[in-house]
2 protein chains.
Amino acid sequence: MTSSKNVQDTHISDQLRRLHGALLDIVAAMNRPRRDEDLIAAAGIPLDGALFPLLVLIERFGPIGVVDLADRVGRDHSTVSRQVARLEESGLIARRPGVTDRRVRDAVATQEGRATCRRIDVARERLMRGALADWDGKELDALVRLMGRFAAAFGAALPQDRAGSLDAPTGRLGDAGLPTAGKNGRGDGGA
Amino acid sequence: MTSSKNVQDTHISDQLRRLHGALLDIVAAMNRPRRDEDLIAAAGIPLDGALFPLLVLIERFGPIGVVDLADRVGRDHSTVSRQVARLEESGLIARRPGVTDRRVRDAVATQEGRATCRRIDVARERLMRGALADWDGKELDALVRLMGRFAAAFGAALPQDRAGSLDAPTGRLGDAGLPTAGKNGRGDGGA
DNA sequence: TCCATATGTGTGTATAATGCACATATATGG
DNA sequence: CCATATATGTGCATTATACACACATATGGA
């Protein structure tokens with residue numbers, strides 16, 4: 001029994017390694033500057049490269065606060081706060097007080113922002129249709145289903161941002177001294 | 001006939017939109033600082049957050065040159081050049097002249113670098129096993145197959161970095177003036 | 001009700017990552 | 001042999017970024 005289980009285990013390990021490779025390829029593709037450039041060009045508006053992803057996220061997941069946005073892009077909330085402010089100046093998004101929580105100032109896409117995103121959507125869909133041109137409909141359905149499920153499971157399994165575990169200060173003793181890159185560094189992530 | 005075709009089209013559009021949503025979720029998950037922090041902690045070495053993804057890429061795709069690396073992470077080659085130099089100083093990777101092209105100085109993981117990556121791999125696999133704990137074996141196989149195929153197709157369909165189209169200078173007339181965010185800006189990408 | 005703690009937002013500030021221009025070395029094709 | 005393209009690395013100015021810190025609001029317990 002241990003034999004078959006080990007076979008299973010190595011098979012799963014291989015599969016997970018392949019999955020990681022696919023993740024790296026996808027992240028690499030998303031990181032290509034040319035991709036954003038083309039989509040920005042489709043937007044028809046001279047938009048800063050850093051502001052572009054935020055606009056898309058706000059239009060897609062808005063109304064959304066700065067903290068949630070910062071968590072998505074992996075940057076400090078202060079950085080995102082300034083970028084959102086610039087995006088507001090451009091007129092593509094607007095801020096409004098949160099309905100249930102008055103601490104948050106939700107960001108929402110304006111009509112112009114939504115129109116811009118629709119142009120971007122058209123370009124993106126054209127790009128994806130080109131990439132998946134020779135795909136079977138059944139396979140696309142399976143990809144969307146499985147990848148959506150994986151994205152949810154992966155995001156949920158990831159460790160959340162530890163705020164301030166002020167209690168249990170005795171825990172993790174022995175980690176003092178070492179500059180374990182505690183929290184600083186602008187690592188983009190992707191490994 | 002047009003009716004059924006339109007139904008098909010809207011269905012595909014919906015699926016592509018869902019696929020894009022999954023991509024955004026995955027990129028958001030990969031961008032989480034905590035994820036890299038945990039993996040770096042597993043590495044057992046105080047490693048800079050920005051250098052960590054490079055080490056993983058070099059160990060996985062090396063020997064690899066600076067340009068290819070820069071293309072993967074979406075940063076300028078000069079930036080990556082400096083980071084790789086720092087990684088070399090740390091002893092985790094080494095540089096060596098390319099075998100077929102003596103212009104390149106390939107980066108390869110040293111024994112210590114490989115050992116570090118193995119520790120990271122263990123932690124990553126544990127993380128992924130946790131995320132996919134309740135997945136059927138068949139479903140995992142399907143996910144790996146389809147996502148691998150998608151990653152390849154997506155990466156291939158993306159526009160490549162236009163070097164210098166010095167010829168045909170008459171093309172694209174009318175784009176002058178507008179600061180179309182031509183190429184600058186450190187947009188991270190992900191939309 | 002009041003208070004302690006947690007969380008969301010924004011600003012000042014110093015640091016360092018980043019992109020660009022440029023130089024050099026090698027490759028490639030005519 | 002030469003023109004062009006590509007790979008690498010360095011000087012340099014810009015600015016994105018993270019960290020403190022302050023303030024507003026929320027939340028739950030005494």
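Computation of the quantities below employed the complete heavy-atom set of this structure, encompassing side-chain atoms and omitting hydrogens, waters and symmetry-equivalent molecules. Letters A, B, ... mirror the listed sequences (proteins, then strands); counts begin at 1.
The shortest distance between the side-chain N/O atoms of B:Ser81 and the OP1/OP2 oxygens of D:dT8 is not below 4.0 Å. Proximity of A:Arg82 to the phosphate of C:dT11: no side-chain N or O atom is located under 4.0 Å from OP1 or OP2. For D:dT8, neither phosphate oxygen OP1 nor OP2 lies less than 4.0 angstrom from any side-chain nitrogen or oxygen of B:Arg105.
Here D:dA7 presents its P atom at 12 Å from CG of B:Asp106, a figure rounded to the nearest Å. Atom CG of B:Asp76 is separated from atom C1' of D:dT15 by 15 Å (rounded to the nearest Å). With rounding to whole Å, B:Asn31 atom CG is found 18 Å from D:dA16 atom P. As rounded to whole Å, 16 Å separates atom P of C:dT18 from atom CG of A:Asp48. Here the P atom of nucleotide D:dG9 and the CZ atom of B:Arg86 are 15 Å apart, to the nearest Å. As a whole-Å value, the separation of B:Asp71 CG from D:dT8 P is 12 Å. Atom CD of B:Gln83 and atom C1' of C:dT18 are 9 Å apart (whole Å). Atom NE2 of A:His77 and atom P of D:dC21 are 13 Å apart (whole Å).
Each of B:Arg102 and A:Arg95 was assigned the nucleotide of DNA chain C with the nearest heavy atom; the assignment lying further toward the 5' end belongs to A:Arg95. Heavy-atom nearest nucleotides on DNA chain D were determined for B:Ile64 and for A:Val80, and the one closer to the 5' end corresponds to B:Ile64. Two residues, A:Asp101 and B:Thr100, neighbour DNA chain C, and the one matched to the more 5' nucleotide by heavy-atom proximity is A:Asp101.
Looking only at distances, no side-chain donor or acceptor of B:Arg95 sits under 3.5 Å from a matching main-chain atom of B:Ala85. Side-chain atoms of A:Thr116 come within 3.5 Å of backbone N or O of A:Glu112 as a donor-acceptor pair. Although no hydrogens or angles enter the test, the distance criterion places a donor-acceptor pair under 3.5 Å between the side chain of A:Arg114 and the main chain of A:Ala109.
Of the candidates C:dT18, C:dT9, D:dA16, C:dT18 carries the atom nearest the B:Thr79 side chain, counting heavy atoms from C-beta on. Of the candidates D:dA18, C:dT9, C:dG19, D:dA18 carries the atom nearest the A:Ser78 side chain, counting heavy atoms from C-beta on.
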*Evaluate the criterion side-chain hydrogen bond (donor to acceptor under 3.5 Å, both in side chains) for residue pair B:Arg18 and B:Gln15; output intermediate values, then yes/no.*
CA-CA 5 Å; B:Arg18 281 186 204 149; B:Gln15 292 293 67; 2.9 Å; yes
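B:Arg103 contributes a side-chain N or O that forms a donor-acceptor pair with the base of D:dT6 under 3.5 Å.
Between B:His20 and A:Asp121, the side chains place no donor N or O within less than 3.5 Å of an acceptor N or O (distance only, hydrogens not considered).
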